[in-house]
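Protein chains get the first letters and strands the later ones, always in sequence-line order, with residue 1 at the start of each.
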Amino acid sequence: MQRRWWPSVFVVLAVVLLLAGLGTAEEPRQGGTLRVALRADVINFDPPAIQDAPTSGVAFQIFEHLIRRDFDGSYAPGLADSWEIAEDASEYTFYLRDDVTFHDGTPFNAEAVKFHYERVMDPDTASHTGEAFRENIKEIDTPDNYTVRFVLHQPNAAFIDEVVIQNTSFIASPAAIEEYGDDAAFNPVGTGPFMFESWTPDTEVVLTANPDYWDGAPNIDGIVYRPIPEAGTQLTELRTGRIHFMTSVPIEQIETLEADDDVVLVGEPDFNTRYLVFDLDNPLFEDEKVRQALSYALDVEELVEVFLEGVAEPGKGPLPNYSYYHKDDVYTFPYNPEKALELLAEAGWMQDDDGMLRNADGETFAFKLSTPQGRYTMDRELNEAVHYQFRQLGLDVDIEVLEFATLVDNLNARAFDLAYIGMMQRTGDPTAHLDLMYHTEGWANWGGFSDARIDELLDAGKRTGDEDERREVYYEAQDLIAMQAPTIPIMNEYYLMAHRAEVKDYIFSVSRTFDFNNLWLYE
Amino acid sequence: MQNTHVDSHAKQLPVSYGAGPKWLSSSRGKLYDFWRRFRKNRTAVIGLLLIAFNVSVAILAPVLAPYDPYEQNWRARMEGPSAEHWFGTDQHGRDQLSRIIWGSRISLAIGMISVSIGLFGGGLLGLVAGFFGGFVDNTIMRIMDIMMAFPGVLMAMALVAALGPGLYNVMIAVGVWSIPLFSRLVRGTVLGLKENEFVAAARAIGCSSVRIIFFHVLPNTIAPILVFSSLRMATALLSAAALSFLGLGAQPPQPDWGAMLSQGRQHIHTSPHLMWFPGAAIMLLVLAFNMLGDGLRDALDPRLRNS
Amino acid sequence: MVRYIIRRLVLLIPILLGVALITFLIMHLIPGDPARVMAGITASDADVEAIRARLGLDQPLFVQFWEFLKGLVQGDLGTSLRTRRPVALEIQERFFATASLAAMAIAFSMAMSIPLGIFAARRQHSAGDNLSMLAAMFGISAPSFWIGLILMYYLAYRLPLFPPSGMYGPPWTLAGLQSYILPTITLSISSTAIMARLTRSSILEILRQDYIRTARSKGLGERLVLYHHALRNALIPVITLAGIQLGALLGGAVVVETVFSWPGLGRYVVSAIHYRDFPVVQGGVMLFALCFVVINLAVDVLYAFVDPRIRYD
């Protein structure tokens, strides 16, 4: 399953070695406490309920998956030493380590794994991934104490990405779950390099090093996470040395940070897409030409360059640019306002003397552009610019800034015209992205896009484990989707983080997870 | 939030019970007297001038603004103050001075509309409660007590969340929130007046309740209402700004000062001008209404005449 | 007096019930489905349904309200939809931060405003009087979050004297106290200004009273007249105001809590509104309302004690 997909990437400012200090042959200093800022307070550490980024970031230090994602994006052994995948991708067998114990001293084994997965799948647990797990897993066998076999309902080449490395697949101690019951939320007991110590609401989460960690005890004594919602304040905390690590760098601060010798700025690609989605039931957007015209009307390259200052890449096609099988020369709509006007004219929209577009009945092209605020980097600013550019073309567009909860409600109720939304996946597997957004049955197919050929291709891609076959299928699907313009891809954000220069040897792996086991703090 | 000082003003209002309709009852002498006292009050005059300045800026915005407040220039973002852009440019490269000039229209509208909502809603309720007394009074005032007991910002936030974001909904939220204050004020005044001879006289000659309320009682409540409205304008502006700060309020690209400040705070390290100018604009307008309200009170309150 | 207090306490019940009902209605009018917010935008409809059923959100509204009231009587505020922990616990953990901040702010306001008011009153119409009253006017007029940002920029960033955010412990520890300073100042600015103005005008008014004239005519020194005879009475309205301000600051601290990432209840309720975490909003608003009415009652009672002219029957 080796896939080479991780390109060499740099962010404008600095090429950063992730294994900072590697090769300097310095002896790691022992001791010290790492202080990390969180964007929001943690919510609930019971694995079936873990969903938000702050909690999963902390949970990653406490819990482990059967398999982990290595720094180059490939799979690496975690709690499982090795694994086997059946030819037709319908059975997955994991061989577990036999030297692991949970933080409460109970042994880690096949029973614990089975117990965990069955708990997530139990409808009474009400996990948000319960349904997805139930759809995948038919049964879980434990042939011996250290072997777990998952038998699937039907072949799924993306099983590891869809299930095994999800937040809800963090393996927790069954003894602890039974002991704490509903209080498991704040008594997490895992196998990871750090152990949960305490949580003070809106103030801090304290973890201590696990001296018996199977991969060697951490160098530092512990980690303190502090929720600091305001990005500007996080930055002040970082620059004054009160925290070591922050993960929501306000991009307008990049220059300031670059000039600060005490701080290292890192940007890494991520598997997210930010895009505008059309409501295809809206008569305005029924015509493919109109959607293509609006795609041509936006100077996405310029927008992203100006407002994201080099920490995002303009979106290319329906997949994130770094996902597997992303087609580099996928069909796109380079900025071309003349072409946009031409297409609109073909669809019956002509500019009047004031430059407003009107149809034969004299109506303006009126619609709402909905965006959340503070949910995605520069979301409101970016859409203010999009709004401006659409207005320049003569579209009668109004902007609507919504609370995220309301926006999601509107999306589900199909009560929107054009909405800005983001999709974030822990994996670069195309199934996770395309099935959700462009399959007729997709849960996140808010615009109501439906194309028989694309459904066929997506189903085929999921049912085969053969790489070449999948590549072919997904290449075709990407072009087909892009040409019909059901969405306007805006960008893929980098994951931007900044830390004090004294922080050495941490590992950042795919999709916002940190390995702090080897980290040490320079005096 | 900043509505916290409302009560103190309410307590100091010139509700001179039993004093009768002195100042308005009309000889020109009284009005002149009021104007003379008002004019001598430096605070009030400065406040009035500041408001007049703001109003003229709002009216003359198309003439005064050096640039189109909506025109974006992505290559000239967040530039500090310069000869071309006196107040610098914002996140989209728009001229901040022009936006602040146009924004004065929005601010004045927020103040006036939300205070009007509080004034008419609360005024009517207070008038009815005070005039009829008894069960009506009790019912209305208990509801007002409930509204008073709500934590203001949270109530306004929930209202905006329910109504959807946007300037008008912010005005409604802020307006609703001042209804109990106005109703208490008006009720108190009416209660004081009701015992007065002129109301009894009106009743005696057979005037209807409605007629008494509108022609005899209402005019006499104008003085305290005027003072309170001015002060309330100030707090309404601050409340609206706070709601904008919490992410509710004006929709882009409207040049609302509160929203500008809220957006500008992200750039506090690199472009403090995005924080300074809109903040100062809010403060000056709020200051103007506070000064006017204070001055009016001093000029209208006979007890303070000699001080 | 006791009868009065009891009557007032009884009157609180319908008020609090009204608050509960209105909060409940507003929260259920707001668009946004808590089950969907919790499940995430990519969760399937079946999972969302399961969560909704578990939370009891599929029940009719009046049943939900009745359940809430039943819980309330038993001292049970329900369970947070988002964290699945008891609301009472969640609120209790954050209330201290808000209450202590408001208390600090009121203490600070009184310590600053009363001397300032006395100073201004004694030198009425002097430059010092005018200047301090002008400053107070600015204090009332400046948006508090703006002051907070400015303080943070200069005193936590340019000159890193204080932590820019967070609460580092209770105010009786050194680190804790340090972290209280900026939020306390920010929160107290407007109440300081209001109280200074009231102190001044109250003293001026008392000094015109007959008994002060009598005292003066007896040949007592101006200082003695002021501190011995005038001040006690002049401060009654100021103390009253301080009480009212405390109630208002509790509920109004949200903005300051946001600026300084303070782990307070106001900010928590705001985020609960965003997440449609109904039980938390409900419980939080109830607690704020309860504080507000109880403080007002306490102020009225206190008022009667300090001012012998007032009798409640």
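Residues C:R197 and B:D294 are in side-chain contact: their nearest non-hydrogen atoms beyond the backbone lie under 4.5 Å apart. Counting heavy atoms from C-beta on, the side chains of B:L154 and C:F288 come closer than 4.5 Å. Contact check for C:V285 versus B:P151: side-chain heavy atoms found under the 4.5 Å cut-off. Taking the side chain as every heavy atom from C-beta outward, C:V259 and B:R265 never approach each other to under 4.5 Å.
To the nearest 0.5 Å, atoms CZ (B:F150) and CD1 (C:I26) are separated by 5.5 Å. Atom CD1 of residue B:I46 and atom CG of residue C:L134 lie 8.0 Å apart, to the nearest 0.5 angstrom.
Minimum heavy-atom separation, B:F245 to C:T258: CE2-CG2, 4.1 Å. Closest non-hydrogen pair, B:L238 versus C:A142, comes out as CD2-C, 4.1 Å. The heavy-atom pair separating C:M137 from B:T43 by the smallest distance is CE-CG2, 4.1 Å. Closest approach of B:G279 and C:P143 over heavy atoms only: O-CD, 4.5 Å. Between C:G252 and B:V153, the closest heavy-atom pair is CA-CG2, 4.1 Å. Considering every non-hydrogen atom in both B:L287 and C:S141, the closest pair reads CA-OG, 3.2 Å.
Counting heavy-atom pairs closer than 4.5 Å to chain C, the top-ranked of the candidates B:G258, B:P278, B:A241 is B:A241. Ranking C:I15, C:I189, C:L290 against chain B, the residue ahead of the rest is C:I15, based on heavy-atom pairs under 4.5 Å. Contact tally against chain B (heavy-atom pairs below 4.5 Å) for C:L17, C:L149, C:V293: the top residue is C:L149. Interface remark: of the candidates B:R42, B:M275, B:M283, B:M157, B:M283 forms the most heavy-atom pairs closer than 4.5 Å to chain C.
With a 4.5 angstrom heavy-atom cutoff, C:Y157 touches chain B only via side-chain atoms. With a threshold of 4.5 angstrom between heavy atoms, B:S262 does not approach chain C through any atom at all. Using a 4.5 Å cut-off between heavy atoms, C:P14 contacts chain B through its backbone alone, with no side-chain atom that close. B:L261 touches chain C through its side chain: at least one heavy atom from C-beta onward sits under 4.5 Å away, while N, CA, C and O do not. Contacts between B:M147 and chain C at a heavy-atom distance below 4.5 Å are absent for every atom of the residue. Contacts between B:P272 and chain C at a heavy-atom distance below 4.5 Å involve the side chain alone, from C-beta outward. Of the two parts of C:S202, neither the backbone nor the side chain holds a non-hydrogen atom closer than 4.5 Å to a non-hydrogen atom of chain B.
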Quiz prompt | Candidate pair C:W146 and B:I282, rule side-chain contact (heavy atoms from CB on, under 4.5 Å), full reasoning | solution = CA-CA 10 Å; C:W146 187 53; B:I282 296 174; over 6 Å; no
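Atom CZ of C:R158 has 12 or fewer neighbouring heavy atoms from other residues, nucleotides or ligands inside a 6.0 Å radius.
Ring-plane geometry between B:W276 and C:Y154 is classed as tilted, the angle between the planes lying from 30 to 60 degrees on a 0 to 90 degree scale.
Against chain B, the residues from residues 266-278 of chain C that qualify, each with a non-hydrogen atom under 4.5 angstrom away, are C:G266, C:V269, C:V270, C:I273, C:H274 in number order.
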